[in-house]
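Sharing a structure here in structure tokens format.
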Amino acid sequence: MFQNKINNYRYFSNKLKFCCKTYDYFVYGKSESGQNLYAFHKGSYKNKQLLITGGMHAREYISSEIVFKLLRDYDLKTGCYFIPIVNPDGVKLSMNGINAVKNKDYKKMLLRFNNQSKNFSMWKANVRGVDLNLNFDAMWGESKYSKVVPGARGFAGEYPISEKENLNLLNFIEKKYIIMSLAYHSKGKVVYYGFEKLCKKVKKQSKNIAKFIAKNLHYKAIQSKGSTGGLSDYLYYKMKIPSFTIELGSDKLLHPIKLSESEKIYKNQYKMLKKLIKKYVK
């Protein structure tokens, strides 16, 4: 099952079923369309915990594949929560198209948002047309690139944390002793750090960790500028959790990155994670 690389959401559905049978798991809520939101855990539940997320942006489901691989390979004592698919409705829509949406009202709405095209392969948002990684309460809505209407990308929502996926995620995180977060996206081979509202001392700490991650992945560490409403922004700024956004894959690859590229992209990811934990999680 894990070797059957098909760009269809059934592939991820099967992985979720397998992981629920194999690892400790939590259903921490429901998505807008009623899909379960899953978190998996490996390692000790005592003391400090890590958080690794993927699948925030629909078309970036290569990030979900990488998080599934990290979950599979993780063998450390340090506790780690893995959330491979933050935005299951959006990922399913991007992979399977409009027929993935059963609700007739949402189907009509989404087709309107997408200029009546049934091709949703480039979709980033959830099924309400909200970009989940702009919807957190960290300079929410202040980006000059934000759009004022729902659509494939760029709409931050009607208000901060308006989306079920984000509200449920934060409620889950608040109950855990998370001390570091890695948010996987695509693409560019970049590690983003240093939300602009952070103080100088924290920015310096953030830069050092990001440079360590980037060095071990052969990526570039870049300070976030103009970033608003992101999960990493929120966790670092509001919850004091060091958080980094890792953009997977070369810029030469086209969205959505095919799952067949995952082995190449996964190279060094787990080695980096082990080194990161050894150096910064004590």
Side-chain angles (χ1 to χ4, degrees), residues 9-10 12-42 45 49-58 60-61 63-65 67-68 70-71 79-96 100-103 105-106 109-110 123-138 140 150 155-185 229-235 238-239 241 243 245:
Y9 194 74
R10 183 178 295 176
F12 284 139
S13 294
N14 288 337
K15 279 204 166 188
L16 289 169
K17 290 176 184 177
F18 174 85
C19 291
C20 287
K21 293 178 181 178
T22 309
Y23 312 118
D24 288 356
Y25 76 95
F26 304 82
V27 175
Y28 62 89
K30 299 280 187 179
S31 69
E32 179 64 29
S33 74
Q35 291 195 77
N36 285 341
L37 299 171
Y38 291 101
F40 301 94
H41 186 273
K42 291 181 84 173
Y45 283 101
Q49 305 287 310
L50 277 78
L51 173 70
I52 299 177
T53 61
M56 175 77 74
H57 284 146
E60 299 173 18
Y61 50 82
S63 63
S64 298
E65 179 72 351
V67 176
F68 274 120
L70 287 170
L71 168 62
C80 188
Y81 290 95
F82 299 84
I83 301 179
I85 312 176
V86 173
N87 178 15
D89 297 346
V91 171
K92 190 174 184 180
L93 178 63
S94 178
M95 296 183 85
N96 290 11
V101 180
K102 302 305 179 185
N103 184 292
D105 291 333
Y106 274 116
M109 180 179 68
L110 285 164
W123 192 264
K124 290 181 71 176
N126 69 354
V127 292
R128 286 188 359 104
V130 176
D131 186 324
L132 296 181
N133 211 43
L134 295 175
N135 184 240
F136 293 94
D137 192 11
W140 174 86
F155 180 53
E158 294 90 351
Y159 52 88
I161 318 176
S162 60
E163 304 310 291
K164 291 181 180 179
E165 295 86 354
N166 287 353
L167 179 61
N168 286 322
L169 177 61
L170 291 184
N171 285 339
F172 177 78
I173 292 171
E174 286 172 357
K175 296 172 185 176
K176 312 299 178 185
Y177 185 25
I178 306 296
I179 57 89
M180 186 176 291
S181 166
L182 302 179
Y184 279 96
H185 287 254
L231 175 62
S232 294
D233 303 332
Y234 180 89
L235 294 180
K238 293 293 183 75
M239 298 181 69
I241 298 171
S243 302
T245 299

(message) So, using ring pair (Phe, Tyr, Trp, His ring centres under 6.0 Å) as the criterion, who are the partners of Y159 when residues are at least two apart?
(response)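 Listed in chain order: nothing, the list is empty.
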
(message) Using side-chain heavy atoms (C-beta onward) and a distance below 4.5 Å, is S31 in contact with L37?
(response)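 Heavy-atom side-chain distance check passes, below 4.5 Å.
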
(request) Drop me the distance from E32's CD to N87's CG, to the nearest 0.5 angstrom. (result)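 Reported to 0.5 Å precision, the distance equals 11.0 Å.
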
(request) Check whether any side-chain heavy atom of F68 lies under 4.5 Å from a side-chain heavy atom of F12, and answer yes or no. (result)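 In contact.
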
(request) Using salt bridge (charged side-chain N to carboxylate O under 4.0 Å, His left out) as the criterion, list what pairs up with E163, not counting sequence neighbours. (result)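 Once residues adjacent in sequence are excluded, the partners of E163 under the salt bridge (charged side-chain N to carboxylate O under 4.0 Å, His left out) criterion are R128.
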
(message) For Y45 and D24, which I'm curious about, is there any donor-acceptor pair between the side chains at under 3.5 Å?
(response)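 Note: Y45 and D24 side chains meet the donor-acceptor criterion.
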
(request) Mind listing the closest non-hydrogen atom pair of W140 and L134 along with its distance? (result)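 That closest heavy-atom pairing would be CD1-O, 3.3 Å.
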
(message) Looking at every non-hydrogen atom in both residues, tell me the closest pair between H41 and Y23 and how far apart they are.
(response)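 Distance-wise, the nearest heavy atoms are O-CB, 4.4 Å.
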
(request) Could you tell me which non-hydrogen atom of S63 sits nearest to which non-hydrogen atom of G55, and how far apart they are? (result)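 So the two residues come closest at OG-N, 2.9 Å.
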
(request) Sort and list the pairs that fulfil salt bridge (Lys or Arg N to Asp or Glu O under 4.0 Å) and have at least one residue in residues 129-138, not counting sequence neighbours. (result)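 The answer is D137-K238.
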
(request) Please round to the nearest 0.5 Å and tell me the distance separating atom OG1 of T53 and atom OH of Y184. (result)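 One finds 9.5 Å between OG1 of T53 and OH of Y184.
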
(request) Can you see which heavy atom on Y9 is nearest to which on P88, and at what distance? (result)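 Scanning both residues, the minimum pair turns out to be OH-CB, 3.5 Å.
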
Return a table of donor-acceptor pairs under 3.5 angstrom between the side chains of residues 168-178 and protein atoms on other chains or two or more places apart.
residue	atom	partner	partner atom	Å
N168	ND2	K30	O	3.0
N168	ND2	K164	O	3.0
N171	ND2	L167	O	3.3

(message) The criterion is ring pair (Phe, Tyr, Trp, His ring centres under 6.0 Å); which residues satisfy it with Y234, sequence neighbours excluded?
(response)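 Scan of Y234 (ring pair (Phe, Tyr, Trp, His ring centres under 6.0 Å), adjacent residues dropped) gives none.
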
(request) Enter the distance from C80:SG to L51:CG here, rounded to the nearest 0.5 Å. (result)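 So the gap between those two atoms works out to 7.5 Å.
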
(message) Working to the nearest 0.5 angstrom, can you tell me the gap between S13 OG and Q35 CD?
(response)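 Result: 7.0 Å between the selected atoms.
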
(request) Enter the distance from M109:CE to N103:CG here, rounded to the nearest 0.5 Å. (result)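 Reported to 0.5 Å precision, the distance equals 8.0 Å.
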
(request) On the 0 to 90° scale, with breaks at 30° and 60°, tag the F40-Y38 ring pair as parallel, tilted or perpendicular. (result)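 Aromatic pair F40/Y38 classed parallel.
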
(request) Return the minimal non-hydrogen interatomic distance between V127 and Y106, and the atom names on each side. (result)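 Taking V127 first and Y106 second, the nearest heavy atoms are O-CD2, 3.7 Å.
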
(message) Has N135 got a side-chain atom pairing as donor or acceptor with A156's backbone, closer than 3.5 angstrom?
(response)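 At least one qualifying donor-acceptor pair exists.
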
(message) Tell me whether D233 contacts the main-chain N or O of A138 through its side chain, where contact means a donor paired with an acceptor under 3.5 Å.
(response)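 Checked: no pair found.
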
(message) Just verifying a value: how many Å separate M56 CE and S64 OG, rounded to the nearest 0.5 Å?
(response)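 It is 10.5 Å, given to the nearest 0.5 Å.
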
(request) Look only at the side chain of D89 and the backbone of N126, and say whether a donor-acceptor pair between them is shorter than 3.5 Å. (result)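 The answer is no, because no donor-acceptor pair under 3.5 Å joins these two groups.
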
(request) Write down the atom of I83, the atom of A39, and the distance for their closest heavy-atom approach. (result)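 Closest approach of I83 to A39: CG1-CB, 3.7 Å.
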
(message) Just to verify, what does T245 make a side chain to side chain contact (heavy atoms under 4.5 Å, CB included) with, not counting sequence neighbours?
(response)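 Side chain to side chain contact (heavy atoms under 4.5 Å, CB included) check on T245 returns A183, H185, Y192, S232, E247.
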
(message) Is it the case that over 12 heavy atoms from other parts of the model lie below 6.0 angstrom from the OH atom of Y25?
(response)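 Not buried by this count: 12 neighbours or fewer within 6.0 Å.
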
